[in-house]
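First the structure, in the form of structure tokens, and then the observations on it.
Within every chain, numbering begins at 1; the chains are lettered A, B, ... in the order of the sequence lines, protein sequences first and strands thereafter.
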4 protein chains.
Amino acid sequence: MIKIVVAGFKGKMGATATKMVLDHEKFELVGVLDPFEEKLNLNELAEYPTVDVPIFKTKEEVLSVQPDVWIDFTIPKVAYENTNFAIENKISPVVGTTGLTEAQLAELTDRSKTLNVGGLIAPNFAVGAVLMMQFAQKAAEYFPDVEIIELHHDNKLDAPSGTAIKTAEMMSEVRVKKIQGHPEEKELITGARGADFEGMRIHSVRLPGMIAHQQVQFGGVGEGLTIRHDSYDRSSFMTGVALGCEKVVHLDKLVYGLENLL
Amino acid sequence: MIKIVVAGFKGKMGATATKMVLDHEKFELVGVLDPFEEKLNLNELAEYPTVDVPIFKTKEEVLSVQPDVWIDFTIPKVAYENTNFAIENKISPVVGTTGLTEAQLAELTDRSKTLNVGGLIAPNFAVGAVLMMQFAQKAAEYFPDVEIIELHHDNKLDAPSGTAIKTAEMMSEVRVKKIQGHPEEKELITGARGADFEGMRIHSVRLPGMIAHQQVQFGGVGEGLTIRHDSYDRSSFMTGVALGCEKVVHLDKLVYGLENLL
Amino acid sequence: MIKIVVAGFKGKMGATATKMVLDHEKFELVGVLDPFEEKLNLNELAEYPTVDVPIFKTKEEVLSVQPDVWIDFTIPKVAYENTNFAIENKISPVVGTTGLTEAQLAELTDRSKTLNVGGLIAPNFAVGAVLMMQFAQKAAEYFPDVEIIELHHDNKLDAPSGTAIKTAEMMSEVRVKKIQGHPEEKELITGARGADFEGMRIHSVRLPGMIAHQQVQFGGVGEGLTIRHDSYDRSSFMTGVALGCEKVVHLDKLVYGLENLL
Amino acid sequence: MIKIVVAGFKGKMGATATKMVLDHEKFELVGVLDPFEEKLNLNELAEYPTVDVPIFKTKEEVLSVQPDVWIDFTIPKVAYENTNFAIENKISPVVGTTGLTEAQLAELTDRSKTLNVGGLIAPNFAVGAVLMMQFAQKAAEYFPDVEIIELHHDNKLDAPSGTAIKTAEMMSEVRVKKIQGHPEEKELITGARGADFEGMRIHSVRLPGMIAHQQVQFGGVGEGLTIRHDSYDRSSFMTGVALGCEKVVHLDKLVYGLENLL
């Protein structure tokens with residue numbers, strides 16, 4: 001059993017992480033941390049009536065339960081201090097808080113190497129999305145003809161999505177440069193052929209009902225290869241958090257990005 | 001058994017139609033027509049060694065076998081004369097030749113009514129494509145939020161495809177006018193949101209390997225409805241030709257467009 | 001503006017309906033009904049702080065606000081009485097409560113005809129699902145080769161889903177009977193070819209993450225036609241409830257089933 | 001430019017390979033081999049009127065044009081002798097002929113190591129299909145919930161397809177064992193839940209019009225990941241043959257299976 005503490009357990013992500021740890025057969029929740037919660041035990045809160053786990057106010061108190069892993073979904077300033085504290089006390093951090101600076105990341109990574117402590121900081125914990133991007137990059141080596149169709153709810157402001165652009169960038173690193181489509185193709189209505197990213201085309205669909213979906217579609221002579229990710233729900237991130245908790249205890253330094261654990 | 005003659009049996013479409021008639025359990029091939037073929041019987045040709053069916057040189061000869069249906073895949077000028085001749089002789093025409101003028105169509109239709117002869121002239125015999133467009137139109141009454149994704153091989157010149165534009169036009173007849181997407185949405189790369197057809201968006205994917213595919217995607221609160229047609233092969237038209245042959249013998253006039261038989 | 005009252009406004013469906021009416025530009029919420037709610041106005045409840053709409057305890061009180069439409073998401077016994085009351089008072093009922101008996105339905109329909117009052121009782125308000133089934137039935141006339149793939153979350157007990165079976169039944173009414181697949185096909189692993197419903201095959205996929213999806217897939221020579229419905233969320237029913245409210249005021253009798261309004 | 005010779009250039013695969021080499025900008029066709037062809041140059045054949053390339057009758061003659069790569073689509077007995085001959089003469093073989101014995105493969109591999117000659121023998125050259133299987137295996141490490149839907153034309157005899165079974169086997173090597181679906185799930189019609197392969201379900205769809213398609217569908221909490229391969233045409237194998245030709249000249253031994261080059 002991996003002993004885990006969750007910092008920021010009252011936020012949306014922190015609460016979901018807390019439940020994941022409670023439900024996971026390989027994990028034991030040994031404490032949660034929030035300086036502003038007055039209660040002393042989870043069983044005093046309406047959401048966790050039968051869960052006997054201490055609520056800590058300060059990071060120093062956490063040491064009393066000797067956790068192996070420190071999950072952190074707090075705010076950047078706090079996350080930096082917490083991660084530093086965890087490393088110094090040989091607790092492996094799994095940090096989902098975004099917004100740490102490059103300098104902070106570098107410093108934390110150095111310290112983790114010195115102290116031989118594994119850890120993970122990740123801006124995105126969706127395992128499926130990360131795999132989609134890795135697979136797309138791999139396929140782009142062999143199939144330079146590729147288009148991305150990304151579909152989101154219709155109150156999204158930006159098109160293409162950040163994930164679509166990141167996927168295109170990753171494919172661009174390995175793909176033979178190529179302008180796709182017929183050299184003399186003609187748009188009868190402007191925009192039909194989508195956004196042009198180094199010859200790859202990106203199409204952004206916006207419809208009510210949709211959540212967050214992306215399809216990377218490759219074409220070769222006589223064949224097609226499609227990789228699709230559907231994200232239905234915030235809870236999808238938890239597969240990645242759980243994976244992080246299992247892996248960090250075997251690492252000897254802090255890594256940045258879930259893709260480095262897959 | 002419906003007795004059928006095929007005019008233009010040596011062209012690509014005519015040959016496919018001839019084979020369809022031979023294979024269909026409700027049809028009997030009673031003759032084929034081509035003024036330039038010297039042989040007198042299909043069994044003299046390499047493709048049909050065991051098929052004992054007369055080859056006619058003139059349309060008048062066809063009358064000797066008393067067909068119920070006249071399938072025509074010739075050229076516009078011939079098709080007009082053939083169709084006229086068929087109607088006058090109470091043979092139901094099923095005409096795939098494109099390029100008849102509006103005046104010719106009107107005249108043929110009038111004659112068919114006078115003589116009480118059923119018939120069909122259709123620019124497109126793909127039953128699946130016609131159903132897709134009909135379903136899309138119906139759904140657009142209830143779901144004004146709709147985008148079209150059409151996918152073709154990468155040597156297609158025009159984008160969007162003719163079918164996509166026709167589908168959008170049909171939906172536009174019944175759809176409540178609506179600009180889709182967020183009012184403040186922003187294209188980070190031009191074209192991401194596709195072609196704008198009265199607020200509906202059309203996305204044209206072009207990839208090697210693909211043939212001809214179209215997906216009409218509707219979104220409503222908490223749900224999605226998708227209608228997709230895949231055309232893999234010219235032979236797909238034959239389902240519509242067969243359907244036409246079965247239906248025209250029960251009609252009392254010439255109709256234009258397969259959709260009127262569905 | 002159509003004036004609407006919602007009975008059963010505190011249940012899940014009733015609450016969603018109440019919000020839909022408040023948000024809809026053609027509707028005016030003139031009252032809600034719940035015999036057990038002590039407050040007198042929606043603005044006394046935490047969910048509706050700014051909504052000044054009376055809460056009624058008895059159906060008789062409702063008459064004071066002269067609604068055009070009576071939305072009912074209560075329990076069967078109450079629903080029957082409410083619907084009867086609405087009809088007698090020339091208010092058009094839109095009833096989502098399931099469990100009315102055939103005798104009750106017949107009686108209510110008779111009364112509505114006598115009094116010339118439009119209304120709708122529907123076990124399923126998902127417009128997209130109803131359209132999918134209608135389209136599938138239509139396509140089955142032309143494409144007897146069809147398989148259904150339905151995908152649900154993995155805590156669903158029954159396979160195939162009720163919707164899949166109903167879709168197959170509807171197709172069966174019009175489809176030429178046909179055993180699909182190769183006559184000598186062989187299952188290397190039992191079950192590979194799915195459930196056999198009069199020769200049509202049904203495949204049930206169960207995976208975490210999925211919600212409720214169904215794909216009806218037709219094959220013809222050289223082509224394919226696919227109709228897919230994705231249900232992401234209970235709120236999808238509201239499109240149908242809204243549609244019902246708009247249509248019933250133009251009807252002259254009670255109808256059963258949303259499909260009769262599409 | 002890589003200089004290439006094609007053995008078995010008159011068979012279906014060999015002819016497709018010959019055309020691929022002629023069209024490829026990095027390849028030069030320096031000869032073809034067929035002991036039964038009487039003509040001496042491709043330009044004497046109707047298919048290649050303008051291609052001036054010698055036709056050889058014996059493998060010894062091939063040495064005169066000093067090829068870098070020897071593509072072989074012959075029959076097993078000949079393929080073994082040809083491959084052996086190519087290796088001994090420091091020509092890199094790319095062999096698609098199936099049916100070599102394990103002993104022959106071992107012997108050829110040993111010889112290639114001794115002589116430091118790269119080469120490839122592959123039963124399957126479809127790059128897309130191989131990538132699909134590799135990606136599926138990788139994803140199965142993180143998502144043990146997975147079902148396979150494979151779709152083929154309706155004259156296929158076996159279900160599931162060989163590719164589906166191979167994919168399941170590959171996933172089984174890395175996947176945490178798990179019975180999928182609800183423990184108490186119930187098939188209302190036998191077969192609905194598909195073929196059971198160690199808890200993973202496989203569904204085989206058979207429809208006219210389809211060619212060869214496979215979809216591997218993973219589910220996780222709140223998300224889905226789908227990998228799909230569509231094979232439209234025999235020509236799809238040529239991407240893999242071309243890839244083989246480019247890679248073997250940099251290898252120092254014979255490898256078996258295209259997956260080892262991806």
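Checked against salt bridge (charged side-chain N to carboxylate O under 4.0 Å, His left out), C:Arg201 has the following partners two or more places apart in sequence or in another chain: C:Glu185, C:Asp196.
If you tally non-hydrogen atom pairs under 4.5 Å between each of D:Ile202, D:Thr190, D:Val205, D:Val221 and chain C, the highest count goes to D:Val205. For the options D:Leu157, D:Asp154, D:Ile165, heavy-atom pairs under 4.5 Å to chain C are most numerous at D:Leu157. Among C:Gln217, C:Met210, C:Glu223, the residue making the largest number of heavy-atom pairs under 4.5 Å with chain D is C:Gln217.
Heavy-atom distances place no part of D:Ile211 under 4.5 Å from chain C, backbone and side chain included. Residue contact with chain D, scored on non-hydrogen atoms closer than 4.5 Å, involves the side chain of C:Leu151 exclusively. No part of D:Glu150 comes within reach of chain C, as not one of its non-hydrogen atoms sits under 4.5 angstrom from that chain. With a threshold of 4.5 angstrom between heavy atoms, C:Ile148 does not approach chain D through any atom at all.
The stretch residues 155-164 of chain D participates, sequence neighbours left out, in these side chain to side chain donor-acceptor pair (under 3.5 Å) pairs: D:His153-D:Asn155.
You'll find the side chain of C:Phe197 reaches within 4.5 Å of the side chain of D:Ile189, heavy atoms only.
Once rounded to the nearest 0.5 Å, the distance linking CG of D:Leu225 with CG of C:Leu207 reads 11.0 Å.
Remark: D:Glu47 CD is packed, more than 12 non-hydrogen atoms of other residues, nucleotides or ligands lying under 6.0 Å away.
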_Test log, rule side-chain contact (heavy atoms from CB on, under 4.5 Å), inputs D:Ile149 and C:His203_ = CA-CA 9 Å; D:Ile149 303 168; C:His203 310 272; over 6 Å; no
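Taking 4.5 Å as the heavy-atom cut-off, the residues of residues 134-147 of chain C that approach chain D are C:Asp145, C:Val146, C:Glu147, ordered by number. Contacts between residues 170-183 of chain C and chain D, defined by a heavy-atom separation under 4.5 Å, are made by C:Gln180, C:Gly181, C:His182.
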